[in-house]
Structures are given as C-alpha cells and as structure tokens.
Amino acid sequence: MDATTIPDLFASLKIPTNHTSLGLSNLIASNSQTKALFHHKRLPDHGWTDVQIQRLLLELSVLDTNCEESVKCQLSQSSSSSSSLGYAYRWTGAGEREGRIYAPLVSQRHFGFGHGIGRSGDVMEAQPKAVGSSALLRLTLRLTLDAVRRGAGLNGTLGKGDSRNGPASFGTLLPVCTGMSMALVLSGLRDRARTLDSASIGTEHVNTERNIVLWSRIDQKSCYKSILSAGLKCVVLPTKKHPDTDEVSTDLEALKEALDSFGNSILAVLTTTSCFCPRVPDEVDQVAKMIMSWNEGKPGAGVSHVVNHAYGLQCQTTNKLLNRACIIGRVDAIICSTDKNFLVPVGGALILSPDSNVIETISKNYPGRASSSPMVDLFITLLSMGLNGYKGILEERKRLTELFGQSLQRVATVFGETVLNCPRNTISFGMTLDNLATINGSDDVAESTQQKELNSQITKFGSMLFTRCISGTRVVPRGSTKTISGHTFEGFGSSNDDYPYAYMTSACAVGMGEEEMNEFFVRLEKSWIDYRKKLEQEVRKKKIKLAMDKYT
C-alpha cells in the first residue's frame, strides 16, 4: 500500500475519511523521512525509532530475490502436501547459492538479508539478486562518511585546483576486523604499485617487487601479523621516549634511514594513531611530509603511507593531525574499526582515503562476496544515533577525559605512584606500578631473578583486576619479551626496548558513562588494598619460613 491508494482502499471498508487522513499523515511523514535519507544521503539530525528503522530494513529486504527462499526452507518438510496446490512463490532458485535461510530466528536476526554484499570482483559492486542489500551497503557507506566528516571532523573533498583532498574524501566498508582489513589494504596497494611500476619499466630506479613495509613499532600483535598475512616483509622501526614527558613515539630519524636503506623495495610505511599509553599517536603529519619528499622525482608508485586509525575517530586532536597530514604530505589509506568507533559488534572496518583510485583498488581486492551483517549493524546504529547522537557520545567522552585523569591521579597519589605524563594520548592513561610489588630475598640474589619476581607479582595484580570484574586494563611489567612469528620484541607492551617503568593502562573510550567510570576507580582502589594485604601475608610467611630454616 502507498499513500495514494490507501484512501480508496480504506473507504471500501467504510472507514471514515477523516480517520484515514489522520492515520495517513503518519505514513506520509515516515515516507518523507525515508525519501530525505536517500536524497541527501546524510545522517538525520535526530535518531530514528526502532520501528522506523525496522520498516526500512524489511522494505529493502523484500527487494532481494531470497525474500521467499527462507520460507521455502522452513516449509520443506510439508512440500509434498503443498504440491497439489501449486507452487506458491514468485522466484525459483536453481543456483548453488540462493540466499536460503533454514532457521526463522536466523532470518529474523538478519532481517531476511541472505545474499551478502558485493560480487566476486568488487566488495562494493551491486548484485542483480540483491538490489536491496546493494542499496543498504552504499547508503551505509554514505552515512558513515557523513558521520566522520560532520561528526568526527575529518575533512572530505576540499575543492578543485591546488586543494588537496581530505582523509575522508572517499571510503569503503569491509566486513572484517582491523587487522585483516590492514592485510587487505596492503595487498591492494601492492597490486596498485605493480601496475604503476610496470608502466615505468625502463626508467631508472624502478623496482617492481615492493615487498617491504616499514612499521613504526606499536606493541599490538595484529598490526605485525597483518603485514605477514599479506605476504610482505616487516621492518620494525624503533620508537623513542620523549625527553620531557613519559611518551613513546615516532623515531623520524630511524624512518629516514630505513627509507634510504631499503629504497624502492618499500611498499608502504605503516603508522598508528590509536594506541596504549605510553605510546602516543605517530607524528603522521611529519611522516606524510617525509614520504612525499622522498618520493619526489621518483617514477612509479612510490612509497605509500597507511595509517592505523583503529579507534582514533573518537579523538578530535588526532583527527586534526590526519587532516594536516593529507594537506602537507602523502596519506594513501586510513583504517578505522567500526566496533570501537560506532559501538557495534566486532567485525567491520571503514577504509578512508584522499584518493578514489586507492579505494577502488582495495574494494576490488576483496575475494568473493562478503557478509552483510556488519553493515546492517552499522546502518541500524547510525540511524538510531542520528548526527546529534553521534556528536553527543563524542562530546561525553571528551568531558569524561578530564575527570578520568583527575580520578587516576587521586588513586596514584594514595598509593605512592605516578600518572604517566602522555598529553598526546587522550584515550589511554597510564599509572606506574613501581611501589606495588616488593622483593623479598637475600642480597646475593641476581638482579634478573629479582626482576622476574617483581614481574610475576605485577602480573598477578592484573589477574586480580579481571577477577574483580574490571576489564580492559593492561598491566605491563618491565623488561618483558614477546616473540611473534620469529621476531622478538624487547620491553613488549610499552612499544620501547627499555621503558623505565612498570605500569598499568586504562582507557576513557567512547561509550563509557560517568557512573561506570566512577565504579571503575572504586574497584581499582579496593583491589589495590586487597592486593597489598595478600602481599603482606606472603611476606610474613616467607619471613617465618626463613627463620625456621635457620634452626633446622
């Protein structure tokens, strides 16, 4: 039914015209909202109701050819009894993949979308069988780009002439997490580099085998593994501790040396803007400027710049840094997590770029069709938030950041610790744990053994926090090592070989409320007191044991 036919249809049921007109006004208003959404392709200022969102999803689902297939699967056992009545469905599916869904609960969970998104050649390509799913995907992308531009503050296309595009000029959505998305981005850039370099064969300094990624070290396993998963070699660049703060950040001199050393074998430089304290965002503007300068005058694809912006959209300062990087230097791709930035289940990523050709290459690099589930989740959430809702959660996080720092400072003062001074990281906060644990033993115990005992005690504190229902904190002892795929990282956790403190981190991330934040510090303080009591009990037991050993 539509607004033009309802008056006559309802009149045939002898429903008063004035009653029909009143109800019809609701339908017209709802239809107007949907038309405006498709016309402007922007987030509504105010979030939609669940009924409005469900209605649109079901209307889009009906456009896919599998809208009846799930019913056919459910009624398969009664097919013999219905055969005498004739075939009751509009479509007959004779392919190996017809979007059939057996369980009604699964069909409801997905609003009937069963075909997924994209085609074998392009994750953003429209499907003949699934025009509703295709429309959902493209509209979701447009709404997401609108959110990061008008909500998070990333620049889009700035204009013609000499103006350089902003980081959110173009984008694509991938139904995989940040790490796998990073691998797909690097694979796409490698294919693009081969094409551009092949066109320059015969020109001096061209190397068509770009297989090295320079990675500014950040101690997150997925970053390192994503490079290896793409079949590339990773050169880990060291970080350096800031002389006046506790921050760990980019070593620009090491990057310059690596660029000169590996030259045209380099596919990309991978930097990070969202990280655990004491690591702070890489100086992506200076890195972008350095890469552009190094590429100048060289033929072929040049060295690309990929930014891991996993949960950085929630930080306005970091977004401004990305805007600047795209103006003064080279940025090829920016990878953002959907779950950390938009409060949806894990499973999706947004890829941004100032260059439409980069986005096209990445989209076409995805193998096969993709799940539409992450896109449905994101679509629902964006419409539920609206622009004002999205801005609201960003502003609330910004407000809580100051309170979070003050509360952490209070706890640190009570227990004789220090809050790490890392002003360029406004999401993750750190506090030393140097006075948490104590060493009990004779003076002739080796220093390495003492450090091992300290680390063990500090790690137990991290376990206690989790058992007290505190999640998300990280406890990092000094001098830890971790080997990942053959590479050993010294001082693992701090992104630096020789960080001088043991510490713990906690985050004031988007979605945290003030009540939750306050309860976190209550539990943290109580856990600290309980841990010290247990530690004191262990110390007394050891002293008694040592005293008894002297007399035996």
Side-chain angles (χ1 to χ4, degrees), residues 182 186 189 205 207 210-220 223-224 227 232-298 301-309 312 317-318 320-334 420-425 428 430 479 481-482 484 487-501:
M182 210 175 298
L186 292 171
L189 290 175
H205 302 307
N207 183 345
R210 296 184 182 271
N211 60 355
I212 291 176
V213 174
L214 304 182
W215 177 48
S216 182
R217 177 181 170 183
I218 173 149
D219 289 350
Q220 295 170 335
C223 300
Y224 184 71
I227 298 170
L232 299 166
K233 299 176 183 178
C234 180
V235 174
V236 182
L237 300 180
T239 55
K240 63 180 182 180
K241 185 179 176 297
H242 195 282
D244 301 321
T245 68
D246 297 316
E247 296 176 338
V248 171
S249 187
T250 324
D251 189 334
L252 293 173
E253 293 179 0
L255 172 60
K256 181 63 169 62
E257 290 177 4
L259 286 169
D260 293 336
S261 176
F262 294 99
N264 291 299
S265 295
I266 304 170
L267 172 67
V269 174
L270 178 57
T271 56
T272 305
T273 55
S274 54
C275 37
F276 303 125
C277 187
R279 187 67 157 83
V280 298
D282 279 312
E283 298 170 34
V284 291
D285 53 342
Q286 298 305 314
V287 172
K289 186 176 181 180
M290 182 182 295
I291 293 173
M292 174 176 277
S293 175
W294 194 87
N295 284 332
E296 189 174 356
K298 296 182 176 66
V303 174
S304 298
H305 183 194
V306 178
V307 181
N308 176 11
H309 197 49
T317 303
T318 308
K320 288 180 179 179
L321 190 67
L322 276 176
N323 287 336
R324 173 175 165 77
C326 290
I327 292 173
I328 69 171
R330 176 162 176 170
V331 176
D332 293 82
I334 301 158
L420 296 180
N421 181 20
C422 302
R424 287 184 290 174
N425 192 333
S428 179
T481 61
K482 175 75 71 172
I484 305 173
H487 184 90
T488 299
F489 293 86
E490 300 290 341
F492 187 80
S494 59
S495 303
N496 187 268
D497 283 353
D498 191 26
Y499 198 67
Y501 309 112

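The residues of the chain are indexed from 1 along the displayed sequence.
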Checklist entry - Where do S216 and D282 come nearest, in terms of heavy atoms and distance? => result OG-OD1, 2.9 Å
Next on the checklist: Distance check, rounded to the nearest 0.5 Å: R210 atom CZ versus I266 atom CD1?
Outcome noted: 8.5 Å
Checklist entry - Parallel, tilted or perpendicular: which fits the ring planes of W215 and Y224, with parallel below 30° and perpendicular above 60°? => result tilted
Item to check | Distance (rounded to the nearest 0.5 Å) between C275 SG and Q220 CD | outcome: 7.0 Å
Item to check | N/O donor-acceptor pair under 3.5 Å between S494 side chain and G491 backbone | outcome: yes
Next on the checklist: Taking atom NZ as the centre, does K240 end up with more than 12 heavy-atom neighbours from other residues, nucleotides or ligands that are less than 6.0 angstrom away?
Outcome noted: yes
Checklist entry - So how far is it from D219 CG to E490 CD, rounded to the nearest 0.5 Å? => result 11.0 Å
Checklist entry - Under the criterion side-chain contact (heavy atoms from CB on, under 4.5 Å), which of V306, V213, L232 is the partner of L189? => result V306
Checklist entry - Taking only residues two or more places apart in sequence, or in another chain, which ones meet S304 in a side chain to side chain donor-acceptor pair (under 3.5 Å)? => result R330
Checklist entry - Distance from W294 atom CH2 to D260 atom CG, nearest 0.5 Å? => result 7.5 Å
Item to check | Separation of T271 OG1 from I218 CD1 (nearest 0.5 Å) | outcome: 10.0 Å
Checklist entry - Who are the salt bridge (Lys or Arg N to Asp or Glu O under 4.0 Å) partners of R324, not counting sequence neighbours? => result D285
Item to check | Shortest non-hydrogen separation from E283 to T250 and the atoms involved | outcome: N-OG1, 2.9 Å
Checklist entry - Judged by atom type as modelled, is there a donor-acceptor pair below 3.5 Å linking the side chain of E247 to the main-chain atoms of R424? => result yes
Checklist entry - Just one of N496, L420, N421 clears the side-chain contact (heavy atoms from CB on, under 4.5 Å) bar with P278, so which one? => result L420
Checklist entry - If you measure from CZ on R279 to OG1 on T273, what distance do you get to the nearest 0.5 Å? => result 10.0 Å
Checklist entry - Does K241 NZ have over 12 foreign heavy atoms under 6.0 Å away? => result yes
